[in-house]
Amino acid sequence: MFLKVNTERCVGCQACLDSCPYDAIMMKDDVAVILETCQLCRACLSTCPEGAIQEIEEAGDLKGDAAPDAGSGVLIYAEQRHGTLAAVSMELLGAGRRLVEQVRQRRGQAATLSAVLIGGDSGLAEELGRFGADKVYHASGPLLDSFHDEAYSQILATAIQQAMPEIVLAGATAIGRSFIPRVAARLGTGLTADCTSLEMDEEGRNLLQVRPAWGGNIMASILTPHRRPQMATVRPRVMKALPRDENRRAEVFPLDGGKCRTRARVVDFVKEVSMKVNIAESDVIVAGGRGVGKEGFALLTELAELLNGTVGASRAAVDEGWIPYGHQVGQTGKTVCPKLYIACGISGAVQHLVGMQSSDTIVAINKNPDAPIFNVATYGIVGDVKEVVPMLIRKLKEARA
Amino acid sequence: MKIAVCIKQVPDTSEVKLDKTTNTLIRDGIPSIINPYDLHALEAALSIRDQVGGTVTVVTMGPPQAEEALREAIAVGADDAVLLTDRAFAGSDTLATSKTLSAALRALEAELIVCGKQAIDGDTAQVGPEVAEFLDIPHVAYVRRVESVSPTGIKVQRLMDDGYDVVEAEVPVLLTVVKELNTPRMPSLKGKMRAKKFEAKRMTAADLGLAQGDLGLQGSPTQVNRVFTPEGRAERKPLSGSLDEQVTALVAELKKDNCFC
Ligand SMILES: Cc1cc2nc3c(=O)[nH]c(=O)nc-3n(C[C@H](O)[C@H](O)[C@H](O)COP(=O)(O)OP(=O)(O)OC[C@H]3O[C@@H](n4cnc5c(N)ncnc54)[C@H](O)[C@@H]3O)c2cc1C
Ligand SMILES: Nc1ncnc2c1ncn2[C@@H]1O[C@H](COP(=O)(O)O)[C@@H](O)[C@H]1O
């Protein structure tokens with residue numbers, strides 16, 4: 001299979017040149033030519049206004065043979081760390097419920113939402129039921145309380161083979177992104193990393209997995225049409241958890257976790273002090289960028305305390321050494337989704353935006369009216385941080401009094 | 001110790017800008033670079049080699065011009081380089097890439113394999129762990145410090161969301177590394193001279209003994225369905241008047257939205 005330009009149709013508009021992330025299209029004699037370096041990402045197909053780019057099937061090109069009907073239901077990996085469920089586990093149950101519901105509506109088929117819990121105690125398994133799981137598979141054993149890639153992937157892969165779900169979701173956390181790829185490789189199926197949106201297609205069969213790529217410059221919608229299960233890791237704080245229902249119960253099944261092999265062992269854990277304030281868990285974040293200056297961060301701390309929130313930062317501010325890395329928001333920092341995000345002196349580079357643009361309310365304070373941060377802001381104030389923030393602090397205090 | 005480093009040539013995504021009027025990427029003249037994380041992987045491999053002896057081989061799968069990335073690695077101090085290139089590899093997703101790389105790494109009999117945490121074009125961070133699974137060896141992701149290396153094992157710190165784990169692993173093992181692990185060295189004059197004349201060993205699908213169905217687009221379960229630019233947020237509420245009036249209005253709105261109490 002390869003892509004080819006129909007030279008009759010190509011009008012030489014060059015639209016495809018810009019769409020290609022790999023610079024694999026060139027103009028020759030006023031028509032586009034696709035080069036050997038083409039990665040078959042197909043970004044150009046939809047860009048061509050003339051429909052001149054075509055997919056050519058080579059002889060013997062099978063489009064995959066697995067029956068897309070294999071399996072049913074959604075299975076999530078419920079992450080625990082040091083005996084506590086990660087918030088993303090509940091978010092995945094919320095997302096899983098929605099997908100199960102979409103399958104029911106679009107395909108008229110009831111489906112099960114199950115969870116696999118590795119390590120932790122039975123209380124955690126029950127808690128998953130209260131957040132929406134129908135079935136919980138629970139593996140416990142001494143090795144499993146710490147995160148061991150090999151053991152975790154053996155257990156999860158075995159559980160998937162037993163439960164036969166058509167969709168598997170896990171958090172795009174340090175743990176999920178480390179061992180879920182092993183599970184996908186073991187099962188020989190596809191895995192889409194770090195998704196920010198999940199929907200069933202119109203037939204209720206294929207999962208549309210949307211994720212940022214290219215440092216957040218573009219979004220890609222990914223499908224796994226011919227293999228099952230369809231697997232995705234999901235960015236924390238993007239999906240919504242269901243409210244806890246005290247009376248809801250899941251069926252709990254034990255999984256054998258005793259016989260796992262592991263050739264890499266965790267011998268110690270050191271908690272980072274700077275991560276004490278987990279910005280990803282805050283409802284209010286006051287974030288500062290290069291425009292705030294070193295001293296300005298004291299002001300932001302005051303504002304954050306007033307709002308019961310925490311302080312976040314752009315990479316520029318972290319690179320300047322004004323605040324530790326644990327506070328960085330964005331592509332290479334944390335993804336946050338607070339109720340209120342106040343961006344002070346932050347320009348709004350895409351790499352920053354991908355980490356905060358799904359916040360409920362965004363306030364931007366920047367002295368440059370053309371700063372891209374204003375494109376995502378609910379409320380924008382053009383002004384100097386040193387002037388606006390103290391004013392805001394004063395008026396908030398007044399409003400509260 | 002036989003050490004292999006997986007490096008990928010990527011477009012420098014930090015150079016990408018968005019054309020605001022047409023909402024498309026401006027990519028004119030964007031250079032190809034070695035994936036930044038992979039430079040840290042290479043540095044880790046070189047310093048382990050310098051410490052315990054052995055060889056460092058860099059491996060890449062990509063189009064013929066990816067050889068440029070291998071030459072850069074030679075200039076920095078790698079001993080050998082392998083280029084996996086074949087039309088049949090085009091369109092590989094992480095599963096097909098990992099299968100292809102693992103076939104080459106198996107042939108190299110690498111005892112220590114070092115990868116970057118992720119590649120900046122796709123940001124998937126999946127290739128390292130998938131390669132380890134295909135080779136049936138352990139892996140440690142997000143290595144931020146190497147505490148010790150011996151012929152039979154390695155002790156490293158693994159960065160987690162809440163701190164770091166100390167992990168001991170048997171050799172052979174695969175590591176994926178984060179940037180804080182080290183500072184990549186610069187190419188030496190001698191290295192540059194060697195790189196100029198250096199020709200990487202090339203391997204095709206046939207050399208690797210892989211079946212067509214495992215490679216490239218056919219061997220890739222995931223497909224890119226659509227690519228689009230992220231949209232701005234719809235709801236915007238303008239504030240008007242003097243600065244003082246704007247801030248007053250903002251406080252009133254925040255109070256109404258229950259953003260503070
Ligand atoms: C691979 C990669 C990953 C990255 N990951 C991240 C990431 O995770 N997070 C991240 O944030 N960035 C990330 N970046 C960097 C990102 O591209 C930007 O460089 C960065 O976000 C800029 O930070 P800034 O907005 O604070 O600084 P600048 O872009 O310098 O903006 C400063 C802003 O402050 C305003 N300003 C100046 N003085 C004042 C004042 N007195 N009052 C009010 N406003 C003022 C200016 O008008 C300007 O808009 C990444 C980059 C790359 C290449
Ligand atoms: N085509 C490739 N050739 C060599 N190494 C690769 C390739 N793709 C990915 N890698 C390695 O796998 C790591 C993770 O890549 P990714 O899973 O694409 O984010 C990279 O940092 C490289 O070390």
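Since we're looking at a predicted model, the values are computed, not measured. Chain letters run A, B, ... following the sequence lines, proteins first, then strands; residues in each count from 1.
Considering CZ of B:Arg236 and CG of A:Asn375, their distance stands at 5.5 Å, rounded to 0.5 Å. In this structure, the separation between CZ on B:Arg158 and CZ on A:Phe269 is 10.5 Å, given to the nearest 0.5 Å. Here CD of B:Gln126 is found 3.5 Å from CG of A:Leu191. Values are rounded to the nearest 0.5 Å.
Put simply, of A:Gln230, A:Met391, A:Arg394, A:Lys339, the one with the most heavy-atom pairs under 4.5 Å next to chain B is A:Met391. With chain B as partner, the option from A:Ile222, A:Val270, A:Thr224 having the largest number of non-hydrogen pairs under 4.5 angstrom is A:Val270. The candidate with the highest count of non-hydrogen atom pairs below 4.5 Å against chain B, out of A:Pro181, A:Ala193, A:Ala349, is A:Pro181. Note on A:Leu208, A:Asp194, A:Thr189: by heavy-atom pairs under 4.5 Å with chain B, the leading option is A:Thr189. Listed options A:Gly190, A:Gly380, A:Ala24, A:Ala185 were ranked by heavy-atom pairs under 4.5 angstrom with chain B; first place goes to A:Ala185. Between chain A and the residues B:Leu250, B:Thr248, B:Val247, B:Leu239, the most heavy-atom pairs under 4.5 angstrom are made by B:Val247.
Side-chain contact between A:Glu387 and B:Leu243 is present, with heavy atoms from C-beta onward closer than 4.5 Å. A heavy-atom distance below 4.5 Å is found between the side chains of B:His139 and A:Asp149. Put simply, the side chain of B:Met160 reaches to within 4.5 Å of the side chain of A:Ile175, judged on heavy atoms. Side-chain contact check for A:Gln331 versus B:Asp123: some heavy-atom pair is nearer than 4.5 Å.
The two atoms that bring B:Thr222 and A:Thr192 nearest to each other are CG2-OG1, 4.0 Å, heavy atoms only.
Note on A:Arg177 versus B:Asp161: no salt bridge recorded, every NZ/NE/NH1/NH2 to OD/OE distance being 4.0 Å or above. Salt bridge status for B:Asp136 with A:Arg182: absent, with no side-chain N to carboxylate O gap under 4.0 Å. A:Lys395 and B:Asp244 are joined by a salt bridge, as a carboxylate oxygen and a charged side-chain nitrogen come within less than 4.0 angstrom of each other. The pair B:Asp165-A:Arg81 counts as a salt bridge, with a side-chain nitrogen and a carboxylate oxygen less than 4.0 angstrom apart. Using a cut-off of 4.0 Å between Lys/Arg side-chain N and Asp/Glu carboxylate O, A:Arg186 and B:Glu133 are scored as salt-bridged.
Using a 4.5 Å cut-off between heavy atoms, B:Ile154 does not touch chain A at all. Interface residue A:Phe147: backbone and side-chain heavy atoms are both found under 4.5 Å from chain B. Using a 4.5 Å cut-off between heavy atoms, A:Ser46 does not touch chain B at all. Residue contact with chain A, scored on non-hydrogen atoms closer than 4.5 Å, is absent for B:Glu180.
Side-chain N/O atoms of A:Gln209 and B:Asn225 include no donor and acceptor closer than 3.5 Å.
Looking only at distances, a side-chain donor or acceptor of B:Tyr142 sits under 3.5 Å from a matching main-chain atom of A:Ser178.
Applying the salt bridge (Lys or Arg N to Asp or Glu O under 4.0 Å) rule to A:Lys367 yields no partners; only residues at least two apart in sequence or on another chain are considered.
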**Message:** Could you go through A:Asp268 and B:Tyr164, starting from their C-alpha distance and side-chain angles, then the distance that decides it, and tell me whether this counts as side-chain contact (heavy atoms from CB on, under 4.5 Å)?
**Reply:** CA-CA 8 Å; A:Asp268 198 7; B:Tyr164 64 88; over 6 Å; no

**Request:** Verify side-chain contact (heavy atoms from CB on, under 4.5 Å) between B:Leu95 and A:Arg227, making sure each step is shown before the conclusion.
**Result:** CA-CA 12 Å; B:Leu95 192 78; A:Arg227 301 249 183 119; 4.0 Å; yes

